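Residue numbers start from 1 in every chain, and the chains themselves are labelled A, B, ... in the order their sequence lines are given, proteins ahead of strands. Fair warning: this is a prediction, and the values are worked out from it, not measured in the lab.
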Amino acid sequence: MPLRFYNTLSQQVEEFTPAADNTVRMYTCGPTVYDFAHIGNFRTFTFVDLLRKCLRANGFHLNHVMNITDVDDKIIRNAVAQHKSLDEYTKIYTEAFLEDCAALRLERPERLAPATEHIHDMVDAIQKLGPHTYSSDGSVYFKIASFPTYGKLSHNDFSGNLSGARVDVDEYEKADARDFALWKTPKEGEIFWDTEIGPGRPGWHIECSVMAIKYLGDTLDIHAGGIDLVFPHHENEIAQSECLTGKPFARFWLHAEFLMVEGQKMSKSLGNYYTLRDLVGKGHAPEAIRYLLASVPYRKSLNFTIDGLKSAAIAIERLRNFKLRLETDRYADGVNQQLAERTALASAAFTAGINDDLNTAEALAAVFEFVRDANSAMDSGEFRAGNTPDALQFLNLFDSIFDVLKATAKAGELGDGEIDARIEARTAAKRARDFKLADQIRDELLAQGIILEDTKNGVRWKRK
RNA sequence: GGCGCGGUAGCCAAGUGGUAAGGCAAAGGUCUGCAAAACCUUUAUACGUCGGUUCGACUCCGUCCCGCGCCUCCA
């Protein structure tokens, strides 16, 4: 089952393997830590996490770098306004970001690279870019006219269109509207670094080129991010990097589509702007959020709704119930061959879906079809003990990508031993046909978040 | 205006040139002391519009309408 991804560069689905060895060199654009990340940011970061897990499931090792943009106009403005140092300010949001990622079970990349720790690497790169740059009022710009294939990622044609206009887009003087800043001279009261190319701070794009090349080499296997970064950010990264190394910057470019909220674009003014902590604070399980973000294939815009979140929570619950049943019910010895075959088919269909450009919707369909089949077999007594390992293995395969089956632990819950004792007491009451007492015990446990289920093989319980 | 993505059942959402996966919701049923869980049945004469190609299109081509993204910072 070959692994395929849609490559923004070629505008086609291509088979993927790493260029050099079995290790995938991957760079993904991380957060700008000027505020709490919102659910739209996490759509992209969840996609990246699925990508990691998918690559690993295909037997590849990962060397993945993600940047933390900890210096930019907004950060400087906010830090100054709050009388904080840059570090004080960005530390707050960097830590919040990492907490949020942990809540969503997003794996930590092999390296997180803060821009401010690479200022001198960037200065070196800007110097090396020499003929592709020019200075103006203390700032340094990249001259896109010096890079003939500029526009190849976003499929824009800039030839013939490069001179004339003198636009003051960024409050700096540029020779051409499309030229972009590599180094920005400080304005009054702004934070700056004193360097060989003068005082200032890096432009946004250069950090990614520099850190990617430094840690991963001249040519990346995969570069990924949100679709809004295609132009100008990734286009500019290509220009800088390829002028620096003379080699293709990345083989595969993957971009996640945007997210909408309740059918509308997310915006603070519409009141549909959610951070992860908003949603968790309202009682939505991080797993449900993760599931919803993961369930829509990344190249399709995702309509994030509270109803959808509830549906996601219920869907997860069904899968968890199935797993619990698999682990607690007892079945006759032997193997149901027909079911074993269907398990294998479901597993293959799941992998095929994931490997087909991360078609998570297709993969999920295989999971739910299997769950229905297996539950039916259990109900009709056709399920055999020998089918359990395969079924659990398939669920593990599913969870190795989706990672939603384990419930997020809550503080202050009853211990297992205590629960078992209460269940004993209830079973005794039932035997004595004292249903009133039995129900009372069940209700008490429920009030503490423990759900009891009577099955033909005895009582089982789960945490709410 | 340029570039890119999309419009499939109440909602979310796959998919193929030969007549529509899956999830949620809804209704009915089975099982159960009651629940819970689970299962079964039902729910798109039809895939935005109008044309074209074809023996046949939701799937290809063109038109139009609508939504979204980028073109200035942005996941």
What is the distance from [atom1] of [X] to [atom2] of [N], rounded to the nearest Å?
X        : N     : atom1 : atom2 : answer
A:Glu287 : B:G23 : CD    : P     : 21 Å
A:Arg460 : B:A35 : CZ    : C1'   : 13 Å
A:Asn303 : B:C12 : CG    : P     : 6 Å
A:Glu317 : B:C24 : CD    : P     : 12 Å

Counting any heavy atom closer than 4.0 Å, what does [X] reach on the DNA or RNA strands: base, sugar-phosphate only, or nothing?
X        : result
A:Leu292 : nothing
A:Ser311 : sugar-phosphate
A:His38  : base
A:Gly308 : nothing
A:Lys265 : sugar-phosphate
A:Ala361 : base
A:Met260 : sugar-phosphate
A:Pro297 : sugar-phosphate
A:Leu259 : base
A:Phe435 : base
A:Val296 : sugar-phosphate
A:Asp307 : nothing

Kindly say if [X] contacts the phosphate of [N], meaning a side-chain N or O under 4.0 Å from OP1 or OP2.
X        : N     : value
A:Arg320 : B:A37 : no
A:Asn321 : B:A37 : no
A:Asn359 : B:A21 : no

Just the atom pairs and distances: protein N or O near nucleotides 2-9 of chain B's N or O, under 3.5 Å.
residue	atom	partner	partner atom	Å
B:C3	O2'	A:Ser154	O	3.1

Using the [atom1] atom in both, what is the distance from [N] to [M], to the nearest Å?
N     : M     : atom1 : value
B:U8  : B:G15 : P     : 14 Å
B:U45 : B:C40 : C1'   : 25 Å
B:C68 : B:U42 : P     : 38 Å
B:U19 : B:U63 : P     : 30 Å
B:C12 : B:G2  : C1'   : 33 Å
B:G18 : B:A35 : C1'   : 49 Å
B:C50 : B:C70 : P     : 32 Å

**Parallel, tilted or perpendicular: ring planes of A:Phe97 versus A:Phe42, cut at 30 and 60 degrees** = parallel
Verify the distance criterion only: is there a donor paired with an acceptor across the side chains of [X] and [Y] at less than 3.5 Å?
X        : Y        : answer
A:Thr46  : A:Asp49  : no
A:Thr305 : A:Asn303 : no
A:Gln448 : A:Glu444 : no
A:Asn236 : A:Tyr150 : yes

**Request:** Please report the C-alpha distance between A:Asp70 and A:Tyr89 in whole Å, then the side-chain angles of each, then the deciding distance to 0.1 Å, and finally whether the side-chain hydrogen bond (donor to acceptor under 3.5 Å, both in side chains) criterion is met.
**Result:** CA-CA 9 Å; A:Asp70 55 357; A:Tyr89 182 83; over 6 Å; no
Looking at [options], which one has an atom nearest to any side-chain atom of [X]?
X        : options             : answer
A:Arg318 : B:C24, B:A75, B:C71 : B:C24
A:Glu369 : B:A37, B:C71, B:G22 : B:G22
A:Asn41  : B:G33, B:A75, B:A38 : B:A75

**Prompt:** Which sits closer to the 5' end of RNA chain B, A:Ser295 or A:Gln264, going by the nucleotide each is nearest to?
**Reply:** A:Ser295
**Prompt:** Want to settle it: does A:Ser376 or A:Lys436 sit nearer the 5' end of RNA chain B, counting the closest nucleotide to each?
**Reply:** A:Lys436
**Prompt:** Just one of A:Tyr134, A:Phe147, A:Phe231, A:Phe142 clears the ring pair (Phe, Tyr, Trp, His ring centres under 6.0 Å) bar with A:Phe180, so which one?
**Reply:** A:Phe142
**Prompt:** Is the ring of A:Phe258 stacked on the base of B:A75, with centres less than 5.5 Å apart and planes under 30° off?
**Reply:** yes
**Asked** Judged by atom type as modelled, is there a donor-acceptor pair below 3.5 Å linking the side chain of A:Asp399 to the main-chain atoms of A:Leu405?
**Response** yes
**Message:** Taking A:Ile206's backbone N and O only, do any of them form a donor-acceptor pair with A:Ser209's side chain (distance below 3.5 Å, no angle check)?
**Reply:** no
**Request:** Carefully, step by step, assess A:Tyr331 and A:Asn387 under the rule side-chain hydrogen bond (donor to acceptor under 3.5 Å, both in side chains).
**Result:** CA-CA 9 Å; A:Tyr331 310 100; A:Asn387 293 111; over 6 Å; no
**Verdict with supporting geometry, A:Asn272 and A:Glu262, side-chain hydrogen bond (donor to acceptor under 3.5 Å, both in side chains)** = CA-CA 8 Å; A:Asn272 63 358; A:Glu262 306 289 347; over 6 Å; no
**Message:** Taking Watson-Crick (N1-N3 plus N6-O4 or O6-N4) and G-U wobble (N1-O2, O6-N3), each under 3.5 Å, can you produce the dot-bracket string of RNA chain B? Use [ ] for crossing pairs and | for inter-strand ones.
**Reply:** (((((((..(((.........))).(((((.......))))).....(.(((.......))).))))))))....
**hbond_proxy A:Arg442 side chain to B:A35 base (donor-acceptor, 3.5 Å cutoff)** = yes
**Message:** Tell me if the side-chain of A:Arg372 makes a donor-acceptor pair with the base of B:C40, cut-off 3.5 Å, by modelled atom types.
**Reply:** no
**Message:** Distance to the ring centre below 6.0 angstrom and angle to the axis at most 45 degrees; does that hold for A:Arg299 and A:Tyr6?
**Reply:** yes
